Amino acid sequence: MAVWPAPENHIVLNIHNQLAQRLEQLQATVQARTAVPTAQVYPQFINLAHIWTGFQDEMVLLSVLSNIMNSLEPFTTNHREIFTEEILSPLVDLKSVKSDGERVKELASAENSRIDPNAFAEFEWLFPDSTKNFDKLPIQYRGFCGWYLVKYDRFLMPAVPSIGVLFYNDKYYAFSSKEAAYEFAADPVNYIFMVAEAAKKSPELIQLLELHQQFASIAPYSSSQKGGAGGGGRMMEKPVTKVEMGCQTDTHILESNVVKDYEWNEWELRRKAIKL
């Protein structure tokens, strides 16, 4: 059985290999026979259907990504018109753009990048070489640096836990640099509050940074702005969700009339009709 050329995406390539193997097994099972036991063929057909469903899921994902690219195309056109090559060339000339992975590796291997626990001895600092299951620590803000998010107006910068993790109020905080860790540790209450304030302005950060517990007792940003000069933008107590209510309208105006012989089941009525 012929199979189309393998694509380059590793997920699709894996599904393609499964399809090729399953078709070969099915061909070896059927061969030239006119009749094959269902116990041998049906399981392979079911597996083949699952593989084909995987291809359909990838097609849906590809369609979604194509729609996103088409939606972003007008913005890229405007960007090219506003920021021409003459404007951008002096800004990026002789400079290399680093990915987050490259930045993390460079910072982790650099000298004097590790946080000094003696700088803030009142807090507990965790390090990879002295903490068991360090890679499984539940880092706050989903691994992003809280200091960077506050300092640079909600900019999401991945933290580097290998330089040290701050354990504060039963939570773990990682940072993008040693300087960021020191400034955060100097006033952690204020920075945690400012992260919540930033999430009020951008509600999508609540889901992204997993701030649901913190926002369980915080009023929405639009509601907090109506609190006046003294309460605008501040954390508010959780609103009351229970109140006493009454109703002056009679619930049952007519007298109750219960017909004990009433039957709603059609088949029961037919059974009784046959007896008659």
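Just so we're clear, the structure is a prediction, and the values are computed from it rather than from any experiment.
For the atom pair CE (Met194) and NZ (Lys200), the distance works out to 10.5 Å, reported to the nearest 0.5 Å. To the nearest 0.5 Å, atoms CZ (Arg103) and CE (Met157) are separated by 4.5 Å. One finds the CD1 atom of Ile139 at 13.0 Å from the NZ atom of Lys171 (value rounded to the nearest 0.5 Å). With rounding to the nearest 0.5 angstrom, the CG atom of Leu19 is 10.0 Å from the CD atom of Glu24. Atom CG of Asp57 and atom CD1 of Ile11 lie 11.0 Å apart (nearest 0.5 Å). Residue Phe123 holds its CZ atom at 9.0 Å from CG of Asn169, rounded to the nearest 0.5 Å.
A chain of hydrophobic side-chain contacts below 4.5 Å, direct or via other Ile, Leu, Val, Met, Phe, Trp or Tyr residues, connects Trp264 to Val259. One hydrophobic cluster, built from ILVMFWY side chains closer than 4.5 Å, holds both Ile206 and Ile192. There is no path of hydrophobic side-chain contacts, each under 4.5 Å, that joins Met59 to Val12. Cluster annotation: Tyr42 and Leu23 are assigned to the same hydrophobic cluster (Ile/Leu/Val/Met/Phe/Trp/Tyr, side-chain heavy-atom contacts under 4.5 Å, transitive). Cluster membership for Leu72 and Leu62, using ILVMFWY side-chain heavy atoms within less than 4.5 angstrom, is not shared.
The shortest distance between side-chain heavy atoms of Glu210 and Gln140 does not fall below 4.5 Å. In this structure, the side chains of Tyr141 and Leu149 stay at 4.5 Å or more apart for every pair of heavy atoms. A heavy-atom distance below 4.5 Å is found between the side chains of Val41 and Leu26. No side-chain heavy atom of Phe193 sits under 4.5 Å from any side-chain heavy atom of Val189. Between Leu269 and Asn265 the shortest side-chain heavy-atom distance does not fall below 4.5 Å. Put simply, the side chain of Asp116 reaches to within 4.5 Å of the side chain of Tyr182, judged on heavy atoms. Phe144 is listed as a side-chain neighbour of Leu209, based on a closest heavy-atom distance under 4.5 Å.
One finds no salt bridge joining Lys201 and Asp153 here, because no Lys/Arg side-chain nitrogen approaches an Asp/Glu carboxylate oxygen to under 4.0 Å. At a threshold of 4.0 Å, the pair Lys105-Glu102 does not count as salt-bridged, since none of the basic side-chain nitrogens sits closer than that to a carboxylate oxygen.
Taking both residues in full, the closest heavy atoms of Ala181 and Ile115 are given as CB-CD1, 3.3 Å, listed atom of the first, atom of the second, then distance. Of all the heavy atoms in Ser176 and Pro158, the pair that sits closest is CB-O, 4.0 Å. In terms of heavy atoms, Gln25 sits closest to Arg22 at OE1-NH1, 2.9 Å. The two residues Trp147 and Ala180 come nearest to each other via the heavy atoms CE3-CB, 3.3 Å. Contact between Ile163 and Ser177 at its shortest, heavy atoms only, is CD1-C, 3.7 Å. In this structure, Pro188 and Ala186 approach most closely via the heavy-atom pair CD-C, 3.8 Å.
Panel note: side chain Gln31, backbone Gln27; no donor-acceptor pair is recorded below 3.5 Å. Side chain of Asn17 to backbone of Leu13: a donor-acceptor contact under 3.5 angstrom is found. No donor-acceptor distance shorter than 3.5 angstrom exists from the side chain of Glu124 to the backbone of Phe167, with no hydrogens or angles considered. In this structure, Ser202 contributes its side chain and Leu205 its backbone to no donor-acceptor pair below 3.5 Å.
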query = Between Val150 and Asn190, is a side-chain contact (heavy atoms from CB on, under 4.5 Å) present by the stated rule, with each step listed?
reply = CA-CA 10 Å; Val150 173; Asn190 179 60; over 6 Å; no
message = Pair Phe155, Tyr148 - check ring pair (Phe, Tyr, Trp, His ring centres under 6.0 Å), show working.
response = CA-CA 7 Å; Phe155 188 90; Tyr148 216 99; 5.7 Å; yes
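Around the CD atom of Glu263, the shell of radius 6.0 Å holds more than 12 heavy atoms that belong to other residues, nucleotides or ligands. Counting non-hydrogen atoms of neighbouring residues, nucleotides and ligands closer than 6.0 angstrom, the CG atom of Asp261 reaches no more than 12 such neighbours.
The side chain to side chain contact (heavy atoms under 4.5 Å, CB included) test applied to Phe134 returns Leu126, Pro128, Thr131, Leu137, Pro161, Val165, not counting sequence neighbours. Residues satisfying the salt bridge (Lys or Arg N to Asp or Glu O under 4.0 Å) test with Arg80, not counting sequence neighbours, are Glu73.
Between Phe175 and Trp125, the angle of the ring planes lies from 30° to 60°, which puts this pair in the tilted group.
Phe184 has its ring centre less than 6.0 Å from the ring centre of Tyr173.
Among residues at least two apart or in separate chains, salt bridge (Lys or Arg N to Asp or Glu O under 4.0 Å) pairs with a member in residues 266-276 are Glu266-Arg270, Glu268-Arg271.
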